[in-house]
Amino acid sequence: AMLSSHYNSIKAYLANGNMPSSLPSTVSNFRREASKYTLEANGELSRQGKRVALYKDRMKIFNALHQHAGRDISWKKIKERYYWRGGQTFVAKKVSECVACAHKNDQLWKATLPKLKAISVKPKAFWRGITF
């Protein structure tokens, strides 16, 4: 997960062009990375037109949009609104730990349902590989 301190250095760079005192890699790499972000008027970072999800907000975001919809729908809702690096893994882990979702899945796929049976088919003339 990218730390908020990294996002803070990107914010500072976008606001006033100041390079951070400790770079994660090279100056050009940092500039390239920072160029993918936009500093909004309210001071929030955005990327690809979506608000950047900060590490400290991850549970708040997850809880607000999860609504026991399952892994894929939860991630789709979050992805529509937020740019979240590593978010898909986080969402998958949290949904797998969600008691309500596990219970909902049990209701949908009861182990007591009978297994499907094959329907017998009468072979027709000119079918390949069938000997009468």
Side-chain angles (χ1 to χ4, degrees):
M2 199 186 307
L3 299 169
S4 332
S5 63
H6 182 67
Y7 284 136
N8 288 337
S9 25
I10 290 175
K11 271 188 193 179
Y13 173 73
L14 292 174
N16 51 35
N18 293 349
M19 290 302 277
S21 51
S22 61
L23 281 170
S25 62
T26 63
V27 171
S28 59
N29 279 355
F30 179 79
R31 282 201 178 110
R32 187 178 326 106
E33 176 73 10
S35 73
K36 296 174 184 170
Y37 294 87
T38 310
L39 190 59
E40 300 296 337
N42 63 1
E44 299 277 348
L45 270 185
S46 69
R47 180 166 170 168
Q48 297 162 350
K50 298 179 260 188
R51 191 171 147 204
V52 171
L54 299 177
Y55 186 81
K56 66 179 174 64
D57 298 331
R58 63 200 176 129
M59 275 313 294
K60 192 166 63 181
I61 293 168
F62 176 77
N63 290 334
L65 297 172
H66 166 50
Q67 297 160 337
H68 310 296
R71 182 194 63 198
D72 297 345
I73 292 172
S74 296
W75 173 239
K76 185 174 172 271
K77 284 182 185 174
I78 291 171
K79 190 175 70 173
E80 283 167 0
R81 295 166 178 79
Y82 293 92
Y83 172 80
W84 184 344
R85 193 159 161 183
Q88 193 166 9
T89 310
F90 179 85
V91 169
K93 183 178 182 296
K94 286 293 164 202
V95 170
S96 74
E97 295 166 359
C98 176
V99 176
C101 283
H103 184 67
K104 194 185 260 184
N105 286 344
D106 286 348
Q107 299 306 307
L108 287 172
W109 308 106
K110 288 189 174 75
T112 56
L113 286 175
K115 288 201 168 70
L116 297 173
K117 291 188 187 86
I119 300 169
S120 61
V121 177
K122 292 191 172 62
K124 293 186 172 79
F126 305 111
W127 275 14
R128 288 184 184 177
I130 294 174
T131 50
F132 295 99

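Residue numbers start at 1 and run along the sequence shown.
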task = Taking K36 for its side chain and R47 for its backbone only, find out whether a donor-acceptor pair lies under 3.5 Å.
result = no

remark   = Across all chains, not counting sequence neighbours, the salt bridge (charged side-chain N to carboxylate O under 4.0 Å, His left out) partners of K93 are E97

request  = Please step through side-chain contact (heavy atoms from CB on, under 4.5 Å) for the pair L39 and K11, ending with a clear verdict.
outcome  = CA-CA 7 Å; L39 190 59; K11 271 188 193 179; 3.8 Å; yes

note = d(E44 CD, N42 CG) to nearest 0.5 Å is 5.0 Å

message = With rounding to the nearest 0.5 angstrom, report the OH to CG distance, Y13 to N18.
response = 10.0 Å

query = Nearest 0.5 Å, what's the CZ-NE2 distance between F30 and H6?
reply = 6.5 Å

inquiry  = Do T38 and L14 have side chains that approach each other closer than 4.5 Å (heavy atoms only, starting at C-beta)?
reply    = no

inquiry  = Is it true that Q67 and K77 share a donor-acceptor pair across their side chains at a distance under 3.5 Å?
reply    = yes

task = Give me the ring orientation class for F62 and H66: parallel if the planes are under 30° apart, tilted from 30 to 60°, perpendicular past 60°.
result = parallel

task = Show the numbers, then the answer: is there a side-chain contact (heavy atoms from CB on, under 4.5 Å) between R58 and W84?
result = CA-CA 9 Å; R58 63 200 176 129; W84 184 344; 3.4 Å; yes

task = Answer whether the closest heavy-atom distance between the side chains of K94 and M59 falls below 4.5 Å.
result = yes

request  = Could you pull out all residues at least two apart from Y82 that satisfy ring-ring contact (aromatic ring centres under 6.0 Å, His included)?
outcome  = none

All side chain to side chain donor-acceptor pair (under 3.5 Å) counterparts of S35, not counting sequence neighbours = none

key: Side-chain heavy atoms of Y7 within contact of Y37, under 4.5 Å   = yes

note = In this structure, CH2 of W75 is separated from CZ of F90 (nearest 0.5 Å) by 11.0 Å

inquiry  = Connecting only ILVMFWY residues whose side-chain heavy atoms lie within less than 4.5 Å of each other, what is the rest of I73's hydrophobic cluster?
reply    = none

ask   = Which is it for E40 and K50 under the salt bridge (charged side-chain N to carboxylate O under 4.0 Å, His left out) test, yes or no, and what are the steps along the way?
value = CA-CA 10 Å; E40 300 296 337; K50 298 179 260 188; over 6 Å; no

query = What pairs with E80 under salt bridge (charged side-chain N to carboxylate O under 4.0 Å, His left out), at least two apart in sequence or on another chain?
reply = K76

Apart from I119 itself, residues in the same hydrophobic cluster as defined by side-chain heavy atoms under 4.5 Å = none

ask   = If only atom types and distance count, is the side chain of T26 paired as donor or acceptor with the main-chain N or O of N29 below 3.5 Å?
value = yes

